[in-house]
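Notes for the one structure printed next.
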Amino acid sequence: VQLQASGGGLVQAGGSLRLSCAASGRIFSIYAMGWFRQAPGKEREWVAAINWTGGRTYYADSVKGRFITSRDNAKNTVYLQMNSLKPEDTAVYSCAAQKSLDYVPGKYDYWGRGTLVTVSS
């Protein structure tokens, strides 16, 4: 599975962005997917995850209530809707896939290239 995140950019605090992660491969629908971010000088942080049907979603406390992840298996794409953005959300956001129907913390099998999100104050 090959993954590519897109949709990043510059946004003012309080604004919104929607990231997309396009996947190649015919079996995308059976992978759980996750979103991560890495800010300059900081370790990579798990942000959100979604199970294979999209019926279960999981969020880090830092984004809960502001970010929403969803997927369209017909389009081999997973999304991250980011609302009420804060300067501390500035990071490179990446998506990842795991060979699991539901989210398993810490276990990812494929990683995609990220997209930069910059939130100005």
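To the nearest 0.5 angstrom, Leu80 atom CG is 11.0 Å from Thr115 atom OG1. To the nearest 0.5 Å, atoms OG1 (Thr69) and CD1 (Ile50) are separated by 4.5 Å. The structure places CG of Asn73 at 9.5 Å from CE of Met33, a figure rounded to the nearest 0.5 Å. The structure places CG of Leu85 at 11.5 Å from CD of Gln12, a figure rounded to the nearest 0.5 Å.
Judged by distance alone, with hydrogens and angles left aside, the side-chain atoms of Ser62 form no donor-acceptor pair with the main-chain N or O of Ala60 at under 3.5 Å. Between the side chain of Trp46 and the backbone N or O of Ala48, at least one donor-acceptor pair lies under 3.5 Å. Between the side chain of Asn51 and the main chain of Ala32, no donor-acceptor pair closer than 3.5 Å is present.
Shown here are the side chain to side chain contact (heavy atoms under 4.5 Å, CB included) partners of Gln81, two or more places apart in sequence or in another chain: Ser16, Arg18, Ile68, Asn83. Considering only residues two or more places apart in sequence or on other chains, Val92 meets the side chain to side chain contact (heavy atoms under 4.5 Å, CB included) condition with Ser94, Leu116. Shown here are the ring-ring contact (aromatic ring centres under 6.0 Å, His included) partners of Tyr58, two or more places apart in sequence or in another chain: Tyr103. Not counting sequence neighbours, the partners of Lys64 by the salt bridge (charged side-chain N to carboxylate O under 4.0 Å, His left out) test are Asp61. For Val1, the side chain to side chain contact (heavy atoms under 4.5 Å, CB included) criterion is met by Leu3, Ala23, Tyr31, Tyr110, not counting sequence neighbours. Remark: Ser100 pairs with no residue by the side-chain hydrogen bond (donor to acceptor under 3.5 Å, both in side chains) rule, at least two apart or across chains. In this structure Ser70 satisfies the side chain to side chain contact (heavy atoms under 4.5 Å, CB included) test together with Tyr79, sequence neighbours excluded. Every residue two or more places apart in sequence or in another chain was checked for a side-chain hydrogen bond (donor to acceptor under 3.5 Å, both in side chains) with Arg113, and none qualifies. Not counting sequence neighbours, the partners of Asp102 by the salt bridge (charged side-chain N to carboxylate O under 4.0 Å, His left out) test are Arg56.
Tyr108 and Val78 fall into different hydrophobic clusters, where Ile, Leu, Val, Met, Phe, Trp and Tyr residues are linked whenever their side-chain heavy atoms come under 4.5 Å apart, directly or through other members. Val104 and Ile30 fall into different hydrophobic clusters, where Ile, Leu, Val, Met, Phe, Trp and Tyr are joined by side-chain heavy atoms under 4.5 Å apart, directly or via other members.
In this structure, Phe67 has its ring center at least 6.0 angstrom away from the ring center of Trp35.
Side-chain contact check for Leu19 versus Met82: some heavy-atom pair is nearer than 4.5 Å. Taking the side chain as every heavy atom from C-beta outward, Arg66 and Lys86 approach each other to under 4.5 Å.
For residues 36-121, every residue pair satisfying the disulfide (SG to SG under 2.5 Å) rule, not counting sequence neighbours, is listed here: Cys21-Cys95. Screening residues 48-77 for disulfide (SG to SG under 2.5 Å) gives no qualifying pairs among residues at least two apart or on separate chains. Applying the salt bridge (charged side-chain N to carboxylate O under 4.0 Å, His left out) rule to pairs touching residues 40-49 yields Arg37-Glu45, sequence neighbours excluded.
Of all the heavy atoms in Leu10 and Ser120, the pair that sits closest is CD1-CB, 4.3 Å.
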